[in-house]
Amino acid sequence: MSSPQSAIIFGATGQTGRHLLRQLIESPTFSRVCEAGRRTTPKEDLPPHADGKLEQKVIDFERLDEAGLKEGSWDVVFLALGTTAKLAGSQENFTKIDREYVLNAAKAAKVDKDQRLIYISVAGANPQSYPFYPRSKGLTEQGLAELGYKDTIVFRPVILSNVQRPERRLAESAAIAIGSALSLFTDRVQISVDKLAKSIRIAGEQGTSGLPSGVEATQKNWGGRDFTVIDNKGSVFLSR
């Protein structure tokens, strides 16, 4: 892809998405940015460069065919959508929000040209995994790869730090504390959401072919099309 590029982001009000949106707006690589979601970022929380560059679309994920997402003919599609088992309330709702909405958004933004797709997954994702959560994430990865984007890149972080939630979850707090201690010795277990957003933005700009060797990106295939995987260590490297 040649500059300038255009990008659409789903999930820009989430923990990583809010940092990614700001970075996309501030990046000179992207001349047009669209934030699409059930709600959008308040104007007062946007950087000064947003005016004239950012388009905000409030969409209904049950009626994406009416959202006109293909009209932007976006070069890069960023998927920062997701939920938690607790918020979803059931495996059925989790599947709808975390998998169906993600896949449908990617389909709705796909047009007949070379496009890049970036998705935030989770370490250990595998469509054949017995535990529900990594299996669901793996099935989402598989479904996205099968859509046929020119370049599909999946990020698999382990523990996210620097999250801002109204109520901190006990298990999450414990995981962050452990991850913070281990991160003194290894880059494999934790990354802050702002650094993850930076690495995602860079991958969106450069694509698989432009990734530095130090990222140690790998190719994965769940029985369909190949896609690129960047693990926690690779994300930390790319964010430096």
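We're numbering straight along the sequence, starting at 1.
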Parallel, tilted or perpendicular: rings of Phe61 and Tyr101 (30°, 60°): parallel

Backbone N/O of Gly224 and side chain of Glu146: donor-acceptor pair under 3.5 Å: no

Donor-acceptor contact below 3.5 Å, side chain Lys137 vs main chain Ala125: no

Salt-bridge present (Glu205, Arg201; N to O < 4.0 Å): yes

Donor-acceptor side-chain pairing of Ser31 and Gln5 below 3.5 angstrom: no

Within 6.0 angstrom of Asn221 CG, more than 12 heavy atoms from elsewhere: yes

Flag if over 12 foreign heavy atoms under 6.0 Å of CZ, Arg32: yes

Between CZ on residue Phe227 and OH on residue Tyr119, distance to nearest 0.5 Å: 10.5 Å

Minimum side-chain heavy-atom gap Asn126-Trp222 below 4.5 Å: yes

Side chain Asp226, main chain Gln219, donor-acceptor under 3.5 Å: no

Asp187 bridged to Arg240 by N-O distance under 4.0 Å: yes

Least distance between heavy atoms, Gly82 atom then Asp98 atom: CA-OD1, 3.1 Å

Between CG on residue Leu196 and CG on residue Leu160, distance to nearest 0.5 Å: 6.0 Å

Lys150 side-chain N/O to Leu117 backbone N/O, donor-acceptor pair under 3.5 Å: no

Joint hydrophobic cluster, Ile191 plus Val122, side-chain heavy atoms closer than 4.5 Å: no

Between CG on residue Leu103 and OG1 on residue Thr140, distance to nearest 0.5 Å: 5.5 Å

Cluster overlap Phe78 with Val102, hydrophobic side-chain contacts below 4.5 Å: no

Under 3.5 Å: donor-acceptor pair, side chain of Asn232, backbone of Val158: yes

Asp45 and Arg22 ion-paired at < 4.0 Å: no

Linked, directly or transitively: Val193 and Ile153 (ILVMFWY side chains, under 4.5 Å): yes

Option among Val154, Leu211, Thr218 that satisfies the side chain to side chain contact (heavy atoms under 4.5 Å, CB included) test with Ile230: Leu211

Check: Glu100 main-chain N/O paired with Asn104 side-chain donor or acceptor under 3.5 Å: yes

Side chain to side chain contact (heavy atoms under 4.5 Å, CB included) evaluation trace for Lys96 with Glu62: CA-CA 10 Å; Lys96 174 179 284 292; Glu62 299 290 345; 3.5 Å; yes

Side-chain donor/acceptor of Gln115 to backbone N/O of Trp74, under 3.5 Å: yes

Distance (rounded to the nearest 0.5 Å) between Ser27 OG and Leu20 CG: 10.0 Å

Same cluster (ILVMFWY, side-chain, under 4.5 Å), Ile200 and Val163: yes

Shortest non-hydrogen contact between Val77 and Ala109, atoms and distance: CG2-CB, 3.9 Å

From Ile59 atom CD1 to Leu64 atom CG, the distance as rounded to the nearest 0.5 Å: 5.0 Å

ILVMFWY cluster, Ile120 and Val236 together (side-chain gap under 4.5 Å): yes

Interatomic distance, Leu46 atom CG to Arg18 atom CZ [nearest 0.5 angstrom]: 12.5 Å

Result of checking Lys113, Arg116, Lys110 against Asp75 for salt bridge (charged side-chain N to carboxylate O under 4.0 Å, His left out): Lys113

Among Thr40, Leu21, Ile9, the one residue meeting side chain to side chain contact (heavy atoms under 4.5 Å, CB included) with Leu54: Leu21

Shortest non-hydrogen contact from Ser235 toward Phe155: OG-CD2, 3.2 Å

Nearest non-hydrogen partners of Ser192 and Asn162, listed with the distance: CB-CB, 4.0 Å

Nearest heavy atoms of Ala106 and Tyr149, plus distance in Å: O-OH, 2.6 Å

Where Thr83 and Ala88 come nearest, the two heavy atoms and their spacing: OG1-N, 4.0 Å

Any side-chain heavy-atom pair of Val229 and Arg156 under 4.5 Å: yes

Exam field: side chain Glu35 to backbone Thr41, donor-acceptor pair closer than 3.5 Å: yes

Non-hydrogen side-chain atoms of Arg225 and Thr152 separated by less than 4.5 Å: no

Partners passing salt bridge (Lys or Arg N to Asp or Glu O under 4.0 Å) against Lys43 (at least two apart in sequence or in another chain): none

Donor-acceptor contact present, side-chain Ser136 to main-chain Tyr133, <3.5 Å: no

Side-chain donor/acceptor of Thr95 to backbone N/O of Gln91, under 3.5 Å: yes

